[in-house]
Every structure is written in structure tokens, then in C-alpha cells.
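Everything on this sheet refers to the single structure shown next.
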Amino acid sequence: MTGRSLLDNRPLCGAVGVAGLFCLVELAGRTGFIDPIVFPLASTIAGRAAALAADGDFLADVVSTLGAWAAGLLLTVLVAVPAGFALGTMPRVESALRPVLEFLRPIPSVALIPLALLLFSDRFDMKIAVIVYAASWPVLINTMYGLKDVDPLAKETLRSFGFGPLAVLWRVSLPSTAPFIATGVRLAASIALILAISAELLAGGASGIGTFIIEAGSSPDALEFIVAATIWAGVIGIVSNTLFTLVERRLFRWHLARTEGAR
Amino acid sequence: MRVLRGLGRLWLVPVVLAAWEAATRAAEDNFFPPPTAIAVRMHEMWLSGPPERLWLTDAAVENIPTSVGRLFAGWLIAGVIGIALGLMLGRSPVLSRFLDPLIEFGRAIPPPALLPFFLALFAAGAQMQIATIVFGIIWPILLNAGDGARHVDRQHLETSRVFGFSRSQRLLRVILPSAMPKIFAGLRLSLSLALILMVISELVGSTNGIGFQLLDAQRSFDLPGVWGTIVVLGVLGYVLNSAFLAAERRLLSWHRAAKQTI
Amino acid sequence: MLEISNLTHTYGSGPGAHHALGGIDLKVAEGELVCIVGPSGCGKSTLLRSIAGLLRPTGGKVVLGGTAVDRTPDDLAVVFQDYSRSLFPWMSVADNVSLPLRRKDMDKKQRRSAAMEALEQVGLAGAAAKYPWQLSGGMQQRVSIARALAYRPSLLLMDEPFGSVDAQTREDLEDLTLRVRSHHNMTILLITHDIDESVYVGDRVVVLSKAPARIVGDLRVDLPAPRDQITTREHPDFVHLRAEVGRLVRGMRSQSAPAS
Amino acid sequence: MLEISNLTHTYGSGPGAHHALGGIDLKVAEGELVCIVGPSGCGKSTLLRSIAGLLRPTGGKVVLGGTAVDRTPDDLAVVFQDYSRSLFPWMSVADNVSLPLRRKDMDKKQRRSAAMEALEQVGLAGAAAKYPWQLSGGMQQRVSIARALAYRPSLLLMDEPFGSVDAQTREDLEDLTLRVRSHHNMTILLITHDIDESVYVGDRVVVLSKAPARIVGDLRVDLPAPRDQITTREHPDFVHLRAEVGRLVRGMRSQSAPAS
Amino acid sequence: ACGGSDPETTASAAPGGAGGPEKTQLTIGALPIPDSAALYIADKRGFFAGEGLTVKIEPVQGGAQAQQSLLGGSLDATQTNYVSTFLAVSAGNKMKIISDLYQATPNSFNLMVAKDSPIKTPADLKGKKVAVNSLKNIGTLAVTSVLKTHGLTAEDVQFLEFPFPDMAGQLEKGVVDAAWMTEPHLTAAATKIGAQKLADTMTGPTADFPIAGVIVTEKFVNENPKTVAAFQRAVAKAQQIAASDRKAVEEILPTYTKIDAATAAVITLGTFPTSLDETRLQRVADLMVEQGYLKSPIEAKTILPGANG
Ligand SMILES: Nc1ncnc2c1ncn2[C@@H]1O[C@H](COP(=O)(O)OP(=O)(O)OP(=O)(O)O)[C@@H](O)[C@H]1O
Ligand SMILES: Nc1ncnc2c1ncn2[C@@H]1O[C@H](COP(=O)(O)OP(=O)(O)OP(=O)(O)O)[C@@H](O)[C@H]1O
Ligand SMILES: O=[N+]([O-])[O-]
Ligand SMILES: [Mg+2]
Ligand SMILES: [Mg+2]
């Protein structure tokens, strides 16, 4: 009984996985495989991270980063999904824009953020802009590939009833592309978090995890602080993904049922 | 003929360039030099070498191939690991139950923040840089492959079960092809991410590469140089993506044909 | 109503090309129910998809109500051969049926009741709240019939619509189709493999040859109306006609040359 | 060979639960061909999927060759009702048919020729290089029959395998099934809606009731072998049996109470 | 935020009545390092408020991006080091230095090597790798001047960019042979890995070298001369305190950096100049010309307020 139910307990299994990694890193540090001067011991990091959880200033930083993250991600979806549909359904437009888009896609944040600093006089707007820029690509590309995967017969069915292209888009292409889009949004969520922190790091600002990392750089134990703050970024990633997974399960029951994706 | 048609598709490029030139000339902002100025600087940086070396400068010969080499190494490693691990996680609920939090944790971490970790684990230089690239770009492949493998049509899996397909047959002949459209979306995303991570990996403790050149130009306030590096990245991105799409067209031809409508 | 002249369709090009339709001429009057029979893979579905504007003919043309079909005509419904793929898995059965009714001038309640009525007619009132993937094959097929009938199109195209149901249900659906047709004056093209069925429900039976499909027989069915599963099938004309259609379909398989 | 005892299956739970199988007991001897008929949606596919180990029964058990089925048994082939979704769109028709043969001790050439032979038997030799989505519905169905027959399983489960082909092809496929069965001593369970077909190909015809499905008739078909499309169907026993099966299927629809 | 013409921010309620500052709300960037101590002292002790200014100090990571924030308008003024400033000016950006903040003292910026390093003098660095926090900046400039006095040039070593916190680890791993560090990392490296001082980089040509100050855009100076003057007065007052009272600096450090009081008490601090001196700044420009950082000479006075360049 116990073996089975243990494996069925999702959070427990996850905790075991995390504990495993923790022990591995700690062991690597203790045995000198990873020099603790170069990268702190797992236990040291954990201690610092725990202390941060009780640090009001740091919590305010987290909230500020999360605000930019949420706003940026929302805007990303609002921009990238329609753009993906436009490009995915209009091959001529897509092939005309492709060189420009493919040119823009590999511009790194380190080059982008300084330019954004020049263009935006408001820090928050700047953050949102770079988040949307970087996080839109996975949503855009996944939407376009999802559209290619729509069952043609489903589209033909609606067309045969006299529905126009927009109705087909809305009632068939969108629902059947939704699982693809969801994967893109999950990818975008972590990219958005990374960009929010990077923008704070490069641009400074009143508060944010990135700002915290700037300040931490002044400490003699800077590495420990920086890695501990990073741990919290990872924790945010786990939490946000759990939420996304819950929403996806609700929305895509049909998809799971047809594909054995249910677990 | 085909070349002409290929060029025809690029019609928007000169339009954008002209608009860019006009806008930057009108704005007269130091930080936004006109494309012509960027071109001059690019020529100086990379194409003013001796004719017997195809006019490539030392900087071009030293930096571009090194960077592109690391980029490909990183992309290939991320591709192999990402697809393999993604398929495993997609098909094994137990495994994914243990590893999912670690993966979600890992992908929310800004790659530059992990530099000390990689510095500790790997020799500085190429090893560390490739590790950074792999870590930064593996997520789209991993996630897309995982989701693709999780959502294989039930009827296809039942068919392979009923006919007693071996594990490897099931994986290679059924699950992998079904997940292919998603995997390709992931690979395409990570290809340009690889360029970005290539740059990031060359920002710390590095002495060569396109990213190093970008850093060098930024540190020297050489704005045409900064833009020139961005242009090189963009052009590389376009070329790599075009090659990728050509390969995809071959490998996913069944998919395109099966799903096409008038 | 429907006028098809010298319609051809070729899939692909070059040496791998497949000539599916080899010049079809067909006129269907308003309110007629024409059954189409022919060997498997001859091009029946291709013909139907061309009429529905889902396939661009490579030659000839389809004229519907006086205008050439170049996109999907208005006021048309199709029951696809691959019915399971034509239902939307993200919608309940009731929603699947009522969705097309949005094109009609109906409010939500009317759509709902029209959908429920159609589902009841095909014996699926109890499955309205289920999802298509919770239904058996035959039930899915009936949902897609219900969807088409609820829509009350002026032209209804049905591609082997009763292939997955039991004999009794099949007869009920045949009668339902006849009833709905005469109530709402629909024109119907129905593809079937069941020769008895083609004679029982059809005003005409059109027989296609092997690929490239040509019309090798066009028989008028002059059985007394209303038709009835027992008396009609015992009618001497019925027996004669089904033998005739059978001969035409079979003949084609051995000779592959146009007859009639 | 196959022994099913008190098999039940319920989809879902709580108030929305659907009792598909209501206690099925069935024994099939080696080499037997058992046809299963029953009203649409009664639970035939559910029964078949339980035998194939694709569905965990909620009660009772399935024993195959002495061992309880808890996962998909070896040496089994299925022709799915939803044949089009069971073909792999990324493989050519020939590859679809030959892929399962890798389990057999065959080299590449043998697999290829076995696949070609099976395709020829179903009349699709010319379509070997095509992809499934380039075929008509009936052709896809025949590919999936060819795949199952080429595999030469000891137990073959067929779910309405001949529903999408024309009458002539259907007869050919029926005869092909009978031939392959006796050559290779397969045990076959065949679900069909065509009562004539069930009597023509079956050694036994099992009739299921409406949901929750129970066996309401189990008729032995003692028609002289070899069967023949013309003489067998004219045999007085044939006529008698089909009437009997028809009565059982129909009876169930009005009474819904077990009979026989 | 640059324009500052909206009524709220141009409140004339400041001391001095009609002569009050044009713009009273300022956002300024500062690095969380000792250099900016006076800005925080001025804020904490109400010197800004006393001049009618409301100042918000935001941490920034480095001079270059802060300059871009300045030009983009998200900052009104920022701390930056002088090398960055001259580089930016030579690239055509119009900026003005309005306050001097920090100046090097002996042992405030040292070249460090690992505990048992075979490198005993800067002359041994030929062909070696040297970590600096930023390429083409004060670090490389100062290290190069040390190399020169030992008969080497910048080309004789390889400069690698690493963040200060990573340097000790890289020294220990042997990835770099020497590292140019400042406080508190200097002290931390000595205690953690026993790093040894190879050379003080602020001697000879770089003795008492000007390090950092506050810059604004030229436009800002022109449009807000009174604000600038008020700001300068407040900072100068704070510089006085910082220069004369180490305790005051030690107290303020933990409030805006992650340097704790104990560390603050032991680290080597630079000095806090109390005036903005053109000739001192000129040394930076001249050394930059000499080492090729600047292609043509720049006169320091052109980037001080009052001189319109
Ligand atoms: N996944 C499922 N979830 C819920 N109910 C289901 C599911 N699959 C089938 N059912 C229900 O179980 C019953 C039996 O289905 P099954 O597919 O076995 O019928 P069948 O006898 O094969 O019918 P048909 O002749 O139409 O194919 C149906 O009423 C159907 O609605
Ligand atoms: N997308 C396609 N590409 C190439 N060939 C096709 C395609 N679709 C159909 N065909 C070919 O066209 C021919 C006619 O197909 P169609 O589906 O019209 O046949 P059908 O008469 O409906 O057959 P069935 O009774 O089996 O459904 C077939 O030989 C088929 O292989
Ligand atoms: O730019 N800095 O002030 O170091
Ligand atoms: Mg067809
Ligand atoms: Mg079924």
C-alpha cells in the first residue's frame, strides 16, 4: 500500500527530487568537487535563502518583480497569440516578415536592455517592454506550429456549414492549438521572470530581485546572497508552473482524454 | 529561378533598411547610428582583411567561427539531451513526478546567475560556455518534447500496444513522430536562444567570440560596433533559421501534406 | 438546383498523380435525393468534397442554384465519412450540434432546443451533455447526422452516414432522413455502400466506375411513396432495381469500362 | 482459448457513471470465429478493448490461454473501429503494414513481402507507397485489415472491419478472413452490424443487449464448410439463423430485458 | 522626467522663494559601494530636504547602463566613474559632472594573487591573465599603469572580465593569475583564500586618482541650474562629513550596501573630496589619452557645469 501511494503523492515525489539535488550539491561541496569558494555549499545557500524569506525588504523585492512578471506575461499573451495566428494563417505575410523576425529573435537581452533604457523614461514600462520582446517568441512560434497541427477535417466541417475564416479560426483553430499555446506560455513564463530580473539587474531601480542582487554584490559574502536570491527565482518558477498545470488540466480535459495524457 | 523566388521573399528587407536609415538620420541620436554607419563599422571590424583571406579580418577569423562552433555544440547537446529527457518525462509519469519541480526550478533561473555554478563545475572557457548555452536553451526542447510525448493520440498508442511493439519501436516509430511537430517548434526556438546564450556565455571571463566583441564594443562606447554585432547576430539568426526550416520541410513533409487544406 | 459538368479531379501531379474523377456530368433537381454508389476508393468522397467547395476541381465545374461553386456554398451541410474527426472534442455533444445553428437566425434557447430535438431523433437525447470521445463509434456517427439535420440545409451531403450503426438503427435513420427531407424540402446526395439502402431511400441511384470515376449508371427509382421498410423492400420494382444496381457496381469491377 | 467471466465495465464514477458491460460470460475455443452483434453503443467495443487489455475491467476477468489478461496479451491483433486514427500518418502504407512484423522473426525482405502480399489480398497492392491520408476511407480500412492479417496473430479482434467498403469488396474481405483463419488457425472475434455477415462468417453469433450489455443470445452456426457467398446465403439454415439473430437484436431494442 | 515642467515638481515653496530649484523631485542612481556614501549621508541627514529637494536614490549596477538611464530619462542624475564618463563624452554624449564623490587612497584598489602564487612582482605578469570588473575601465587603466612602471604594456597580459564576487574563486581555481579588486572583496579575499597583495594600483601616475562623481545631462544643467546648485551644496556638505568623520561613513554603509558594521570598520576607504576640481579630473582624461582610451584629448572643464560644449 505504502509504496504505491508514495509514488502517487505528487508534492512528496517532487520534494524527494529536490532533496536529492540538494544532497548532491552539498556532497559535491563537502568533498571539494565543487570548491565552496567558487560556489557556496548547498546548506549555506539554504540558510541564506531561508533568512531571506523573513526579510521584509527582500519580500518587497519579490513582489515588485512578480508585478512586472505578471503584467509582462499577460501582455505577451495578448500580443503573441494574435500575432501567431496572423502569421500562421497568412503565409504570404509570414514569409515577408520572416527575415525581419528571424533577425530580431536572436538579439540578446544584454544588448536589448541598454537600448530599452534609452527609449523608456519609466522603469516599469522598460521592464515590460523587454519582457514582452523576449517572452513573445515561444508563444508566437508554438502558436504557429500548433496551427499547422490542426485537423483539416475539423476545419472543413465548420467551413461546410458556411462559417467564415474568422469563425473557423476562433472555433476550431484556437481550441485545437490551445495545448500548443499553453506550452508556449509556460516557456514564456520562465523567460519573463528571467527578463524581469535581468532588466532589474542591468538597469537598477527602486526594488526587485535584480536590485537585491545588485546590492548583494557589495557584500563580502556576495555569492551566497546572489545564489540565495536566485533560489527564490526558481521557487517562483515551481509555483507558477504548478498553477499553470492546474489551469491546463481544467481547460484541456478533452485533450488529455483523447491522448492518454491524463495521469 | 528558385534563387530569384528566394530573393523575392526578401523584399521587405530593403524597405525596413530604408525606413531604419531615414528614422535614425532624422533622430540623430548617438545610440542609434544609421545602418550605413553600422555597415561601415562592420566592414572595418570584420571585412577589411587581406584579400587572400576573403577580406576577413583577424577579429572575424578569431571570433565568429569560435562562437558559432560553441553555438552548434551547445545546440546539439541541448537537442539530444532535451529530446531524450523530454520523451522520458513525457512517457513516465513517475519520473516526471520526481523531476518536474527541479526542471521548473531550473528553467526559472537566469542563466547568468548560474555562471558561478558552471565556473565551479567546468573549466573556464569553451566548456563553461557550452554548459551555459545548453542550460539556457534546453527548456523549449525539453518542454515541447515532453508535452508532445505526453499527448500522443490514444489510438496510436493502443495500436502499438496491440501489435506488441517493442519499447524502442514505440518510442522511435510512434511517440517520436507524433511529438515531432512540437519538438521542431522547440528546436527552432532554442536555435535563436542559442545565439543569445552564446553571447551571454562570452560576457564573463572570456577573451574571444561574438559576445566578447559585443562586450568590448559596449565597454568602449563604440555604438556602431555594438549595432554591428547585433546585426551579425541577426544575420546569423536568419541564416540558421532558414537552414533549419529547410531541414524541417524535409523531415516533416508528411505532416504538412497530411494537414493541408485549400 | 445542382449541375455538375465534366468535373475532373487529379490528386498530386507528375508520375504519382492520381486521377480520381474522370469527367462527371450530373444534374440534381431541387428536393431530389440522389444516392451515389461505387467501388471503394473510386472517388465518391472526392466528388462530394468538390460539390461542398472543399476541394478545388482540376477541371469542369459545379454550379449550385445558378452560381458556380468556388468556395463553400451557403446553406449546405455535410456528414463526413470520417465522422469522429469531424466532431469537436472540446465541446459537448449538444454544443457540437448547436454550433452550426449560430449561422441561422436563432437565439440561444432556440438553438438548444433544435439541437435537443435532433439528438432525440437519432436516439441520443441522453448523451447531450457528454463529450464526443465518451461515445461509441455509432453514437458519434449519429451525433454528426443530428448536427446536419438540425441545420436544415437546402443541400445535404452525406458520406456513408449509416455505416456504423446496427441494422435497426440504420432503418430508423433512413426513415428519419426521408421524413426530414420531405418536411423541409432538402436536396440530398447520399453516398452508400449498401445497395438496398440506395434503392430504398433514393429517388435516383447513380453508379460510379472505378477510378478515374465516371457515371456508369443513373437509375430512377419509382417506388411508391411513402416508403416503408417492409412493404417497399418487398416491392417487385425494389427487388429488380437492387439487382440492376448490383450488376452495375459489380460489372464495373471486372470490366472497368463504362456501361449503363 | 479465451474465457470471460462476469466481466463488467463502468465508465466514470458517481452519478455520471455509465455501466457499459453488465456481466459478460463467454468462452471461445481455439480456432473459432465468433461474431458479436448488438445495438449501437451497447458495449461491443468496450468488450473488445477489455479482451485486448486496453481497458482495465471494473469487475470480472478475462483469461486468455490460461493466464489472466492484465496487460495487452502477446500475439494479438486488432482492427479498430476507428481505423483511420489507428494508422500512422507519418509512415507509408507498406510501412504501416510491415512495422508490426518486426516482432516476428523476419528479416526486412520477408517483412516487405509479407506486407505486400497482405496488401494485394485486400486489393491495395498499388497503394503501398502512399500515405494513409492519401487513401479513401474504405482503403484505409483495408490497410488496417491487411496489417492485422499480415501479422498472423493467434487471436484476432475485429471491430466492424468491413463497414466502409462496397458490397463486392466486403464479400471478398469476408472470404479472405475465412481463408486466412483456416490456414493459420486463428481465433477471431468479429464485431459487426450486418446480421447476414455475422451468420455468413461466424461459427457462432453472440448477441448483446442494450447497455449495460449482457449476452442475450449465443447461436451456433452450423452451415456447411467451405462457405460460399452464393450457396451459403441461399442455405435454409442461413435464412433461418439470420431471422433468429435479427429477432434477438430487435427484441432487445423494444424490451431491453434479457431473453434467449 | 527630464523636462520637469509640471507644476508639482517645480514647486516654488522651496527655501529661497522665487530663487528655489526648478525641479525638486530627483531620482538618482548610485552604486551600492563606499563611493556613494555622501549621497546617502546627504539624504539621511536631510541636506537635500534642506535645499528643497526630494531625492530618491536607486541602486544601479554600473556606470554605463546608468548613463543610458540618464539619457532615456528614468534617472535625473547618477553616480558614475570618471573613466566611463570620459568615454561617454568622447562618444558624443553631452553630460556634465556636478559633484566629485570619491578618490583613491593607497590600498583601496589592489592587484591580488592567490596564496602561493609564483607571481611575486607585477613584472611576472607577462603572458598572464588578470581579472578586472569591467574591461576598458578604471581597472584596466590602473593595472596598465602599474604594468608600465614594471616595463610591461597592456598587451603583455590578458584582461578578463569577472564580477568582483567571483574573483576570489577564480584566483583560487587558477582561472586567472591576478585580480584587480576593491573593498570589501579585497579584505574578504585575503581572509577567505589568503589572497596576497601583488601591487597597489593607485600609486605613481594614479596616486589619489579621482574615481567617481555625479553626472547629469547637459540639458538638465541648462534647464535646472538652481536644482543643480542646490544638489551640489547638499552633496558638498555630506562630502565634508564623510571626509572628516570615518564613523559617519561606517554607519551609513550597512544601510545601503550588504557590508555589515564589522566589515565597514576594517575595510580601506578612499577619500571623499569636498570640491569639484578641474585639474584633478584632467588627470583622468590625460591618462586615458596616454593609454589610448581616448582618441583625442578632452578638456575636463568642458564637462563641468557652466561650460557649454
Ligand atoms: N471514454 C468513455 N467515457 C465514458 N463513456 C464511454 C467511453 N467510451 C464509451 N463509453 C460509453 O460506453 C458505451 C459503450 O460504448 P462502446 O464503444 O463499447 O459501444 P459499441 O457497442 O462499440 O457501439 P458502436 O456499435 O456504436 O460502436 C456507450 O454508451 C458510450 O457512451
Ligand atoms: N489527399 C489525397 N492525396 C492523394 N490521393 C488521394 C487523396 N485523397 C484521396 N485520394 C485518392 O483518390 C481516390 C478516391 O478517393 P475517395 O476518398 O474519393 O474515394 P471514395 O470513393 O470515397 O472511397 P471509399 O468508398 O473507400 O470512401 C482514392 O484512390 C484515393 O487514394
Ligand atoms: O561605473 N561605475 O561607477 O563603476
Ligand atoms: Mg469515401
Ligand atoms: Mg464500437
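Protein chains get the first letters and strands the later ones, always in sequence-line order, with residue 1 at the start of each.
- For a residue to count as touching a neighbouring chain, one of its non-hydrogen atoms must lie under 4.5 Å from one of that chain's; by this rule E:Gln158 touches chain B with the side chain only.
- Ring geometry, B:Phe244 versus B:Phe184: the interplanar angle falls from 30° to 60°, so the pair is classed tilted.
- Among B:Glu202, B:Gln129, B:Gln213, the single residue meeting the side-chain contact (heavy atoms from CB on, under 4.5 Å) criterion with B:Ser67 is B:Glu202.
- Looking at E:Pro163, the atoms closer than 4.5 Å to chain B (heavy atoms on both sides) all sit in the side chain, from C-beta outward.
- Heavy atoms of B:Leu215 lying under 4.5 Å from chain E belong exclusively to its side chain.
- By number of non-hydrogen pairs under 4.5 angstrom with chain B, the leading residue of E:Ala131, E:Ala88, E:Gly92 is E:Ala88.
- With a threshold of 4.5 angstrom between heavy atoms, E:Asp166 approaches chain B through side-chain atoms but not through N, CA, C or O.
- Ranked by non-hydrogen atom pairs under 4.5 Å with chain B, the options E:Val175, E:Val83, E:Asn93 are led by E:Asn93.
- With salt bridges taken as basic N to acidic carboxylate O contacts below 4.0 Å, one links B:Asp58 and B:Arg53.
- Relative ring orientation between B:Trp139 and B:Phe135 is described as perpendicular, the plane-to-plane angle rising above 60° on a 0-90° scale split at 30° and 60°.
- By the 4.0 Å N-to-carboxylate-O rule, B:Arg25 lies too far from B:Glu28 to be salt-bridged with it.
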